[in-house]
Student: 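The structure is given below, and queries will be raised subsequently.
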Amino acid sequence: MRHPLVMGNWKLNGSTHMVNELITDLRKELSSITGCDVAIAPPALYLSQAKQALAGSRIALGAQDVDVNLSGAFTGETSATMLKDIGAEYIIIGHSERRTYHQESDEFIAKKFAILKQQGLIPVLCIGETEQENEAGQTETVCARQINAVLNTLGAEAFQGAVIAYEPVWAIGTGKSATPAQAQAVHKFIRDHIAKRDEVIAQQIIIQYGGSVNADNATELFAQPDIDGALVGGASLKADAFAIIVKAAAAKKA
Ligand code: PGA
């Protein structure tokens, strides 16, 4: 059985004070949780501080992005070796905000996937269609294209131990989550798509849902057979809301 993963994507939010306070609260709220893996991805600048604040807890450290290069003249970037060095494990790549505001292509994101695998880190590959693509009935085509960029260059084996986050762009930060049935249909499509290359890996891979997941809709979403947890933005900045989401995912396993 797959172990659900709930991960908080803090995006461009935080301060030294907030990092300590939120992690202290999360440790309290989540101290007795088993049956669900938990990770948080603060901004790169606070990763080291977060790692220290998380010491001895079951909450893993994640990061929001990585560069395709390991070192050198690449001003402003953070490498996979650096992330590994400071103890980050789950690395978000291909988030729609990176695709949109930084013009990241499927091919470029596949390179990030490759460098993370090479360094033994866990890629959390975000995929998902825009509202326009959704209305044009292109959801499956878009998701397949985004996955194929990795499948066709690295093979299905690359997905062993990796995570996919299905995040319909129209649901991110809008308060308008996909319905459980809508999300389940796409998650099943994604799993079947990978199964065409490797049935075992398809059954093992964690497929998170992301897009306006909150304390009220988490249980219903996690009741779907192919939804293995969530990538949470806004609600991950509040310890109580995030804890309710984690508990809902842990209950799925039990
Ligand atoms: P949201 O963000 O939960 O605020 O919609 C999700 C994400 O972008 O990962």
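Counting starts at 1 for both ligands and their atoms, following the listed order. Residue numbers run from 1 in the order of the sequence given.
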Student: Short list, please: which atoms of ligand 1 are under 4.0 Å from a heavy atom of G211?
Tutor: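 Result: 5 (O).
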Student: What is the ring orientation for Y166 with H187, classed by angle as parallel under 30°, tilted 30 to 60°, or perpendicular over 60°?
Tutor: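 Plane angle over 60°, so perpendicular.
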Student: Please indicate whether any nitrogen or oxygen in H95 is less than 3.5 Å from any nitrogen or oxygen in ligand 1.
Tutor: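 There is such a contact, yes.
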Student: Taking only heavy atoms of I172, which atoms of ligand 1 are found under 4.0 Å from at least one of them?
Tutor: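 Matching atoms, with element in brackets: 2 (O), 5 (O), 8 (O).
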Student: Would you mind running through ligand 1 and noting each atom that sits below 4.0 Å from a heavy atom of G234?
Tutor: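 Near G234, meaning under 4.0 Å from one of its heavy atoms, ligand 1 has 1 (P), 3 (O), 4 (O).
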Student: A side-chain contact here means heavy atoms from C-beta on lying under 4.5 Å apart; do P180 and F222 qualify?
Tutor: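 Result no, sub-4.5 Å side-chain heavy-atom pair not found.
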Student: Would A235 count as being in polar contact with ligand 1, using the rule that some N or O on each side must be under 3.5 angstrom apart?
Tutor: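 The answer is no, given that A235 and ligand 1 share no N or O pair closer than 3.5 Å.
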Student: Go through ligand 1 atom by atom and flag the ones less than 4.0 Å from a non-hydrogen atom of N9.
Tutor: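 Atoms satisfying the 4.0 Å criterion: 9 (O).
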Student: For ligand 1 and G233, I'd like to know whether there is a polar contact (N/O to N/O, distance under 3.5 Å).
Tutor: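 Yes: some nitrogen or oxygen of G233 is under 3.5 Å from one in ligand 1.
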Student: Using a strict cut-off of 4.0 Å, indicate which atoms of ligand 1 neighbour a heavy atom of E167.
Tutor: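 This gives 6 (C), 7 (C), 8 (O), 9 (O) as the contact atoms.
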Student: Do Q138 and E129 have side-chain N/O donor and acceptor atoms under 3.5 Å apart?
Tutor: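 Looking only at side-chain atoms, E129 and Q138 do not form any donor-acceptor pair under 3.5 Å.
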Student: Below 4.0 angstrom, N of the basic side chain to O of the carboxylate: do R98 and E104 qualify?
Tutor: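 Between E104 and R98 there is a salt bridge, with a charged N closer than 4.0 Å to a carboxylate O.
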Student: Please check if atom NE2 in H102 has more than 12 non-hydrogen atoms from other residues, nucleotides or ligands closer than 6.0 Å.
Tutor: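 It does: H102 NE2 has more than 12 such atoms within range.
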Student: Would you mind checking if D25 and K238 are paired as a salt bridge, meaning a charged N to carboxylate O distance below 4.0 Å?
Tutor: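 So K238 does not pair with D25 through a salt bridge.
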Student: Tell me whether V232 has any N or O atom under 3.5 angstrom from an N or O of ligand 1.
Tutor: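 Looking only at distances, the answer is no, because the N/O contact criterion of under 3.5 Å is not met.
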Student: Ignoring angles and geometry beyond distance, decide whether K11 reaches within less than 3.5 Å of ligand 1 through its nitrogen or oxygen atoms.
Tutor: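 The answer is yes, given that K11 and ligand 1 share an N or O pair closer than 3.5 Å.
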Student: Taking atom types as modelled, is there a side-chain donor on N148 or R197 under 3.5 Å from an acceptor on the other?
Tutor: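 The criterion, which ignores hydrogens and geometry beyond distance, is not satisfied for R197 and N148.
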Student: Taking atom CD of E133 as the centre, does the number of heavy atoms from other residues, nucleotides or ligands within less than 6.0 Å exceed 12?
Tutor: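 Count over threshold, so yes.
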Student: Consider ligand 1: state whether an atom of it lies below 4.0 angstrom from any non-hydrogen atom of G173.
Tutor: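 Judged by the 4.0 Å heavy-atom criterion, G173 does count as contacting ligand 1.
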